[in-house]
Amino acid sequence: MEHHVIDKIYIDGEFVTPHGTELFDLFNPATGKTIGQVRLADEVDTEAAIAAAKRALPAWSATSKEERIDALRRLQNAVAARRDEMFDAIITEFGAPVRNGFMADSAIGAFADMITTLEEFDFTHQVGKATVEMAPVGVAALISPWNSDVFFISDKLATALAAGCTVVIKPSEMSATQTQVVTQALHEAGLPKGVFNIVTGRGDVVGTALTRHPDVAKVSFTGSTAVGKTIFREAADTLKSLTLELGGKSPSIILDDADLETAVTGAFMAGFANSSQACVAGTRILVPESRLDEVLAVAKEKMADFPSGDPRDPATAIGPMVSEQQWERVQSYIRLGVEEGARIVVGGPGRPEGLADGYFVRPTLFAGVTNDMRIAREEIFGPVLSILTYRDEDHAVEIANDTDYGLHAYVFSSDLARARRIASRLEAGRVAINGGYEPLSPFGGFKQSGIGREYGAFGLEGFLEPRSVMV
Ligand code: NAD
């Protein structure tokens, strides 16, 4: 990819030069070199985007279900037509391993899934003598992180539009190249102007302007718990509807009846997903005390299946960290784990052998971890996994739930009835048994992992207000 300057934002159906003038460097994390710059939007641009969304709201909120399905189909096709270009930007700017094609495919899938949801969704129902109409909440602000840029933009947009809302999207400034490609695709779908607007800028500038603005009725945010709390406070004055998808410290519970080869591989897949730059990463691996030695023997071997390296090498499972700052942060947690008395089984500080440039981390597995250590309590957002031991089922559930978070959990067992019993005791928005997955099921967190749910009908309801009409 050539050095590029992104100097357009998308407002009212057009690519326009931002009023903001700050330039922000974009990097290739595999080399540590700059690949370009993005010119950031400011408060004036945010105002213009909100005004455009507000103008477009009456007509869009009055569209029929069929018209919305048709629009989503056009968006889906437009994004599908740019799939390879999107994926290339994801590899270059985020460092996703080339085997992770789902990072682009999921953006296309987000529209397809929302079409399925919409087809089956009833916008009115009867409660006694009342007709309950599910009305769009209004102009929505969609604020997304850098770790899956095109997917978050597509998923939040598909859901908001399906509800009849118009939107202002504020993607992360660190993923501006990916945003540019997906914005071009979305523009090509030819939706009415102002229905969606995309304004890349700083969180404390554009993000704050959105969360405070009286004409914004809803904020759907994905990102860190710290920023989620700020948004919660900022949105209080105008009492906005909020969906907050925040961090996690998800447990992978390996039950004593599990086939260890399969379970350890499954736990590592959950832990190293998206180069561990994933809110759903299963970073605490809970194993029965009685099988610890066996687990460690298998784990040492299986770590070799998750090499870190050049994202364009098909053998690579774990790409670089997105930025130097994230690299430093992960290094500090590896040092902290040692200081806290945990034992490194595989990996450790520094870069992997032969990778002197870029933000690569050695995939690291700690054993001897207790749940009071900071490496077991704080989200690291890098390939650093911890093995903790439990005595019995009750103890496993106790450790799993002993966290501020509650986004996801993973259970591995050869006894499904037993695994289900454990699952129903876990404080987590999603529990995957032996790698189970359902994209239309609600996604979101208990406790400090967030508020509300995304995806499917639950996600759609997040952009709707019930209006009871009684005669
Ligand atoms: P972040 O919270 O720093 O930023 C997320 C977005 O919020 C960015 O667009 C940022 O510019 C914006 N922002 C920052 N300050 C803001 C403010 N004061 N007001 C409004 N917006 C503001 O997160 P990140 O570093 O981009 O992403 C990593 C984090 O995201 C991790 O903690 C991870 O767990 C979380 N995450 C959660 C989910 C989920 O669905 N639960 C998914 C992916 C990532």
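Both counts, for ligands and for their atoms, begin at 1 and track the order of listing. Count residues from 1 along the sequence. Given the structure is predicted, the values throughout are model-derived calculations rather than measurements. Note: hydrogens, waters and symmetry copies are ignored here, and every other heavy atom, side chains too, is used.
Between the side chain of T92 and the backbone N or O of A89 there is no donor-acceptor pair closer than 3.5 Å. A donor-acceptor pair is defined here as one N or O able to donate and one able to accept, closer than 3.5 Å; no such pair exists between the side chain of R202 and the backbone of E173.
Residue contacts with ligand 1 for T222 involve both N, CA, C or O and side-chain atoms from C-beta outward (heavy atoms, distance under 4.0 Å). Contacts of T225 with ligand 1, taken as heavy-atom pairs under 4.0 Å, are absent altogether.
Both the sub-6.0 Å distance and the 45° axial angle are satisfied by R83 relative to the ring of F87. Relative to the six-membered ring of F27, K33 misses at least one condition, a distance below 6.0 Å or an angle of at most 45° to the axis.
One distance of note links CZ of R212 with CD1 of I231; it measures 11.5 Å at 0.5 Å rounding. Atoms OH and CD, on Y359 and E328 in that order, are 10.0 Å from each other to the nearest 0.5 Å.
Inclusion of E173 in the set of residues having an N or O under 3.5 Å from an N or O of ligand 1 is warranted. At least one N or O atom of W146, backbone or side chain, sits closer than 3.5 Å to an N or O atom of ligand 1. Residue R202 places no N or O, backbone or side chain, under 3.5 Å from any N or O of ligand 1. On a distance-only criterion, S449 and ligand 1 share no N/O pair closer than 3.5 Å.
The protein heavy-atom contact nearest to atom 7 (O) of ligand 1 is F221 CE1, 3.1 Å. Here the heavy atom of the protein found nearest to atom 28 (C) of ligand 1 is F381 CE2, 3.6 Å. Protein heavy atom in closest approach to atom 6 (C) of ligand 1: S144 O, 3.5 Å. Shortest contact from atom 44 (C) of ligand 1 to any protein heavy atom: N147 ND2, 3.3 Å. Looking from atom 41 (N) of ligand 1 to the surrounding protein, the closest heavy atom is L246 O, 2.5 Å. Annotation: atom 34 (O) of ligand 1 to nearest protein heavy atom, E379 OE2, 2.6 Å. Nearest protein heavy-atom neighbour of atom 42 (C) of ligand 1: C279 SG, 2.7 Å. Considering only non-hydrogen protein atoms, atom 23 (O) of ligand 1 sits nearest to S224 N, 3.5 Å.
Classified by interplanar angle (parallel below 30°, tilted 30° to 60°, perpendicular above 60°), the ring pair F272/F306 is tilted. Ring geometry, W146 versus F94: the interplanar angle falls from 30° to 60°, so the pair is classed tilted.
Distances below 4.0 Å separate heavy atoms of F152 from the following atoms of ligand 1: 42 (C), 43 (C). Heavy-atom proximity to E245, at under 4.0 Å, picks out these atoms of ligand 1: 37 (C), 38 (C), 39 (C), 40 (O), 41 (N). For ligand 1 and G207, the ligand atoms under 4.0 Å from any heavy atom of the residue are 19 (N), 20 (C), 21 (N). The ligand atoms of ligand 1 that sit less than 4.0 angstrom from a heavy atom of F443 are 40 (O).
The side-chain heavy atoms of K249 and R377, taken from C-beta on, include no pair separated by under 4.5 Å. Taking 4.5 Å as the limit, every side-chain heavy atom of H213 sits out of range of all side-chain heavy atoms of T238.
A salt bridge links E427 to K447: at least one charged side-chain nitrogen sits closer than 4.0 Å to a carboxylate oxygen.
Counting heavy atoms only, T230 comes closest to atom 18 (N) of ligand 1 of the residues I143, L210, T230. In this structure, of G201, G228, G203, A209, the residue bringing a heavy atom nearest to atom 14 (C) of ligand 1 is G203.
For P171, the closest heavy-atom approach to ligand 1 falls below 4.0 Å.
Ring centroid separation for the pair Y10 and F196 comes in under the 6.0 Å cut-off.
Protein heavy atoms are found inside the 4.0 Å sphere centred on atom 2 (O) of ligand 1.
When all heavy atoms of Q277 and N147 are compared, the closest pair comes out as O-ND2, 3.0 Å.
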